[in-house]
**Student:** 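Structure incoming, see below.
Just so we're on the same page: letters track the sequence lines, and every chain starts at 1. Note that the structure is predicted; figures quoted are calculated from it, not measured. The figures that follow rest on heavy atoms only: side chains count, while hydrogens, waters and symmetry mates do not.
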Amino acid sequence: MTDIAADVLLDIHNRMVRIRTFEEEAGKLMESGKIPGALHLYVGEEAVAAGVMVHLRDSDQITSTHRGHGHLVAKGGDLQKMYAELFGRATGYCKGKGGSMHISDLDLGMLGANGIVGAGPPIAIGAAFSNKYRGTDDVTCCFFGDGASNEGTFHEAANMAALYKLPVIFVCENNGFGEFTRQERHQAIHDIADRAAGYGMPGIVVDGMDALAVYESAGEAIARARRGDGPTFLEYKTYRYFDHVGVRGMGVIYREDSEVLEWRQRDPIALMEARLAEQGLLSADGAAQVHEAALAEVREAIAFAEASPFPEPSALMEDIYTTAAGAGGAA
Amino acid sequence: MTDIAADVLLDIHNRMVRIRTFEEEAGKLMESGKIPGALHLYVGEEAVAAGVMVHLRDSDQITSTHRGHGHLVAKGGDLQKMYAELFGRATGYCKGKGGSMHISDLDLGMLGANGIVGAGPPIAIGAAFSNKYRGTDDVTCCFFGDGASNEGTFHEAANMAALYKLPVIFVCENNGFGEFTRQERHQAIHDIADRAAGYGMPGIVVDGMDALAVYESAGEAIARARRGDGPTFLEYKTYRYFDHVGVRGMGVIYREDSEVLEWRQRDPIALMEARLAEQGLLSADGAAQVHEAALAEVREAIAFAEASPFPEPSALMEDIYTTAAGAGGAA
Amino acid sequence: MTTMEAPATREIPYVSAVAEAFAQLMREDPTIFIAGEDVALYGSVFGVSRGLLNEFGPQRVVDTPIAESGIMGLGLGAAATGLRPIIDIMFMDFMGVCMDEVVNQIAKMKYMFGGKAKLPLTIHTMAGAGTSMAAQHSQSLEAWFCHVPGLKVVMPSGPYEAKGLMVAAVRDDNPVIVVNTKTILGMKAHVPEELYEIPLGKAHVIREGTNFTIVATGRMVSESLKAAELLSADGLDVEVVDPRTLQPFDTETVVASVRKTHRALIAHEAVRFGGIGAEFAAQIQEEAFDYLDAPVGRVGAPFTPVPFSPVLEKEYMPTADKIAAEVRRILGKQV
Amino acid sequence: MTTMEAPATREIPYVSAVAEAFAQLMREDPTIFIAGEDVALYGSVFGVSRGLLNEFGPQRVVDTPIAESGIMGLGLGAAATGLRPIIDIMFMDFMGVCMDEVVNQIAKMKYMFGGKAKLPLTIHTMAGAGTSMAAQHSQSLEAWFCHVPGLKVVMPSGPYEAKGLMVAAVRDDNPVIVVNTKTILGMKAHVPEELYEIPLGKAHVIREGTNFTIVATGRMVSESLKAAELLSADGLDVEVVDPRTLQPFDTETVVASVRKTHRALIAHEAVRFGGIGAEFAAQIQEEAFDYLDAPVGRVGAPFTPVPFSPVLEKEYMPTADKIAAEVRRILGKQV
Ligand SMILES: Cc1ncc(C[n+]2csc(CCOP(=O)(O)OP(=O)(O)O)c2C)c(N)n1
Ligand SMILES: Cc1ncc(C[n+]2csc(CCOP(=O)(O)OP(=O)(O)O)c2C)c(N)n1
Ligand SMILES: [Mg+2]
Ligand SMILES: [Mg+2]
């Protein structure tokens, strides 16, 4: 920790707080019926998105999952456009056409949340292939869950990534569950990173509640990819505090409350704040200010979203095809 | 070798010779235009099918590939029905509806050659699940190639097999190529068995030209599965003498003739015959007799096939659905 | 909404009708098991398998990894070796990740093997938009499967149909895909307590009428009944036919209706272009050409992915009003 | 068979027309690459990419593992980030193992992202029966993709169309699926040497006629021309329309033809039930109802998986004779 610059540490902390605030407020709005559809919240897993994303440029890409808000917030997404999208407004990232599960920002290299579990890895290798083809040193970070690691798409993409030495990082967010099924009931292995060897890439297991451990492991993998040395598999052990969809998360059939409380003991934000305090980088007051600022920003985003118009019904039939004079042009 | 009964050794040898003879004659018939469609020949890989199948009962199942004749011959398939099928005759295993790529015999637990690379593993875990469900100690052997090991279906099935501890054996026939693409150009690993650890099952690399090594490794894996101890991944390093489709195989763009000749130096049948001779179990004459008997049997099968009628055109619309009084019955 | 055919019935919702069918079938036949994502401990995200784990245990009610090709293959391999699996694919959109198993393996195995295989396999899934789940959780893709020889496709329109068709599907010795519509899971109707079958391949004239035939599938059946009410105000006496099974399609019943009414419209929730309504319309004009007083109309979703925003999704959804409007348009068109 | 539109043409086979289109397009645009199984070193099992590796090197001509979901995702990710990929799926039947990528990802990304994505992606594949390759290597599944908003679907009927449509497909900024028919790869025709585009979405009246319209796709175009010759002996003057693009479908040209001839039949190689012919027929009777003297007919494959045995496959395949017979049947039916 000592060799990580203070501004980076504060940046990671700030990203985590902004994610959590974004998510907690979104949860409330869903419960009050203001956000339609399904909302998969990232609370508890913030260290992963923040610790990885702090290494990335706008031109680096990520592929995300159904649980994608945290990734976009950490990648620098515009909270107003995000909330407007969750609310299905015309001012949203996707003009209200995508919603939570398809939130995206191609300008930030965020290639979309995705409603199909396991859809990200094939897309990620395509972006990484493109980075290499175009001669950039951009990288692609592919986020996916423990559940998704059982989809064949992951396997195909991992094999191709290692074969072509693509600048892609497989970021497995192992929160212990695929929906309501515990990891030991969906795979016979304990460390998903054990799969990496089968493709010929390094696989590393990291404490996903510890933002600094995430930061360091991701930094190495990303540097390796930028150097042209190929992909890495990073497994982050983390936990989702809330339910698979929505907020609840305790008093549920598929896990004990005590387990939730145990994980909350190692809350990534609290952990980070304790360390920052220890290092004299952030006082309790300073931390409170970060939280307040995040809340203010989120509230502003919500207000923007609520004040935004719904799309015109006629927008239904727009944006399906690119109609610009297509012929002849390179992209 | 000393602790393997003589009749088993001779049985393995006999199965290999029957496969080779079957395939070489089929190749000629394809070249002379008598067998329509695509023919993927198994010549060079006989030790795998023979060494595995000699352990199996009729009630054990196998799933096969586009290169499936060898598997069915080794499982005890009727050569007449096989040739009739290759010829598209009404007397064939599939009444001429399947051909080489769909040859099958459900009574022998042969769940079909398959035209889709990677289609076998999901089907195999279903059969294995069924064996367990029905309380039998039957096992399912799932044959697939090095190329198929990159399909997502393999991954999904392997994970489920280990999770449910299914009585299934993944038999990877690594002949060094997926069609015309060499293994090192389709995956970044040398031993495909390295993938097994990622599912939580043992993975073993075996010389696939050595029928006894195949016999022993398969015997252990099959016994393990019968005991209820779950799946094993067996990788057999082998080689296909002929081309991906048809016979040729030398003077081709994707490999050197010298490589073919090197592998032929370790021909599985010659190797087995040398050992059998060494042990005094089979003289040169004896071996010649086995070959002659096989050739006679194959010629008889071909004659049967050639004399068989083509299906009636009206058969086109039969066998699509089961129309028997469907209701109410257990299978 | 449906005729009562058995004495002991209760009003229960669609979802309970399905769950009841599963439980009763499993009691009757020990070779039946159900497998899918979160069907056991959680009882399925739609609730269709709630209670099954308790009664039948984890061997017969199987939670799977998220691996639809694996799950579908599990069903196929088990069906080919003597079991009678029910495979749950949570959202119909996810058929994309296991199309090969359904279309190239399950549908064709029997034929490719010269008739030898028997595959008593039921695939259970949820289709339809209207819940702000956006483009990847809202599709109605039944037309794909109706185009594939070897499969049967069923689409219940209410609780009574849901139970009776499920029983017939599971007992059928062929692969059957049961396509439920998620927005009618709460719909209630009288459903017999005991097991009963609604025969596959038989359409049902759910409302008799004399001068217009609406052929509707799934949720569009209830919408069409509403449309019929709206149109009766115009003096139109609309017949509504529910094919129930889309593959095989009961051409006879539908054509008989159109020969009587001389006008027809097909309504489904799927995208109109290339939807199963095209096949129905093509068949109707082939078989009843000389009886038709107007072109066969079609109502379906417009040619766009399903949008998220409720405002757009409302615009997207076929409804009773849109059906009635299209009927009026067709009639206005008659020369 | 096709009109010559450019001065410098040669008679070349279909397969060479495709290969030439690829090479010329790649010379013009460095963002184009082609990826697929054995497309590089081997030049594709159908020969469509022969010579490309030598000219453009392994970065732009990419052999892949056997992993169609991975390959299709490679195309999508590359297209979304500035490249113009051509993805080869050897047999159309293999679309089953990458349907999700095509239908839930590629087709929908632009819409789900509110229009922001541009996906200049071409998917190249081979359809059709007639080569004794049996049920898993012979399907014509274009109807599936025509039903999916966000995709375009093209089906060339000969060498001239193959090159011109490929050029338009690759230059289009949307995902386009080019469905070739493997049994016409050897068909020869005059093809201009230089690059030319056949515009997507425009049908082509390939034979003018006055009293019957046959709308045919892919290989069925040449079969329909033969059928037209057979029928001219009956005194029938048949017009043959090749839609060239199935999605978007050029309703206007087709309907104009039928309004002129008063009778129509659709011919395709795909299974008739639920095939794209159903959509075409439905549209024709919707738009030309008052002009029709007979029901719109359809010729397609029967409702069965494709058999292996040549005897059965011959029975299976739609042909000029079957088209002519169906036309005669329709005419006999007129009252
Ligand atoms: C192909 C597919 N199968 C199933 C689902 C339903 N589903 C949505 S999220 C989810 C669980 C994913 O688990 P994991 O990958 O661990 O991510 P987490 O939700 O834990 O973040 C499932 C099964 C889906 N969306 N797509
Ligand atoms: C899904 C799918 N993709 C591609 C093919 C075309 N194909 C047939 S065999 C083959 C190579 C298979 O390689 P491998 O699994 O190593 O088996 P081998 O032929 O070497 O025995 C390919 C690519 C196919 N049949 N199915
Ligand atoms: Mg998880
Ligand atoms: Mg191989």
Side-chain angles (χ1 to χ4, degrees), chain C residues 69 93-105 107-108 110-112 134-136 139 141 143-150 247-249 266 270-271 273-283 285-290 292 294-298 302-308 333 335, chain D residues 69 93-105 107-108 110-112 134-136 139 141 143-150 247-249 266 270-271 273-283 285-290 292 294-298 302-308 333 335:
Chain C
S69 289
D93 314 67
F94 307 165
M95 287 289 191
V97 293
C98 54
M99 270 307 264
D100 182 70
E101 282 69 33
V102 178
V103 165
N104 286 330
Q105 312 301 328
K108 296 177 176 41
K110 184 182 178 66
Y111 192 80
M112 295 187 306
Q136 294 173 338
Q139 291 167 91
L141 299 168
W144 285 358
F145 301 96
C146 293
H147 188 43
V148 177
Q247 182 60 268
F249 175 58
I266 329 288
V271 164
F273 192 104
I276 194 64
E279 176 64 34
F280 295 173
Q283 288 199 22
Q285 63 87 35
E286 279 157 19
E287 302 296 326
F289 185 75
D290 296 326
L292 281 172
V296 182
R298 289 182 291 156
F303 200 66
T304 172
V306 181
F308 163 72
K333 226 178 164 179
V335 216
Chain D
S69 289
D93 314 67
F94 307 165
M95 288 288 191
V97 292
C98 54
M99 270 306 264
D100 182 70
E101 283 69 33
V102 178
V103 165
N104 287 329
Q105 312 300 330
K108 297 177 176 39
K110 184 182 179 65
Y111 191 80
M112 294 188 306
Q136 294 174 337
Q139 291 166 93
L141 299 168
W144 285 357
F145 301 96
C146 293
H147 188 42
V148 178
Q247 182 60 268
F249 176 58
I266 329 288
V271 163
F273 192 104
I276 194 63
E279 177 63 34
F280 296 173
Q283 288 199 21
Q285 63 87 34
E286 277 157 18
E287 302 296 326
F289 186 75
D290 296 325
L292 281 173
V296 183
R298 289 182 291 155
F303 200 66
T304 171
V306 182
F308 163 72
K333 226 180 163 179
V335 214

**Student:** Looking only at non-hydrogen atoms, find the nearest pair between D/F273 and C/I276 and report the distance.
**Tutor:** CE2-CD1, 3.8 Å
**Student:** Under a 4.5 Å cut-off applied to non-hydrogen side-chain atoms, are D/H147 and C/H147 in contact?
**Tutor:** no
**Student:** Could you tell me which of D/V97, D/T304, D/L141 has the largest number of non-hydrogen atom pairs under 4.5 Å with chain C?
**Tutor:** D/T304
**Student:** With a 4.5 Å cut-off on heavy-atom pairs, point out which of D/P302, D/G275, D/A143 contacts chain C the most.
**Tutor:** D/G275
**Student:** With a 4.5 angstrom heavy-atom cut-off, is it the side chain or the backbone of D/I266 that approaches chain C, or both, or neither?
**Tutor:** neither
**Student:** Select, from C/C146, C/G277, C/G297, the one with the greatest count of heavy-atom pairs under 4.5 Å involving chain D.
**Tutor:** C/C146
**Student:** With a 4.5 Å heavy-atom cut-off, do C/V103 and D/M99 have their side chains touching?
**Tutor:** no
**Student:** Just give me the residue among D/P149, D/G150, D/A134 that pairs up with chain C most often, heavy atom to heavy atom, under 4.5 Å.
**Tutor:** D/P149
**Student:** Given a strict heavy-atom distance threshold of 4.5 Å, which part of D/Q283 is in contact with chain C: side chain, backbone, both, or neither?
**Tutor:** both
**Student:** Based on non-hydrogen pairs under 4.5 Å, which of D/D93, D/V148, D/V102, D/V271 is most in contact with chain C?
**Tutor:** D/V271
**Student:** Which residues pass the side chain to side chain donor-acceptor pair (under 3.5 Å) test with D/D100, sequence neighbours left out?
**Tutor:** D/N104, D/Q105
**Student:** Looking at chain C, which one of D/G96, D/C98, D/P305 has the largest number of heavy-atom pairs inside 4.5 Å, strictly under?
**Tutor:** D/P305
**Student:** Which region of D/A281, side chain (C-beta onward) or backbone (N, CA, C, O), has a non-hydrogen atom less than 4.5 Å from a non-hydrogen atom of chain C, or is it both or neither?
**Tutor:** side chain
**Student:** Rounded to the nearest 0.5 Å, how far apart are CZ of D/F308 and CE of C/M112?
**Tutor:** 13.5 Å
**Student:** Please enumerate all residues that pass salt bridge (Lys or Arg N to Asp or Glu O under 4.0 Å) together with D/E279, with sequence neighbours excluded.
**Tutor:** C/R298
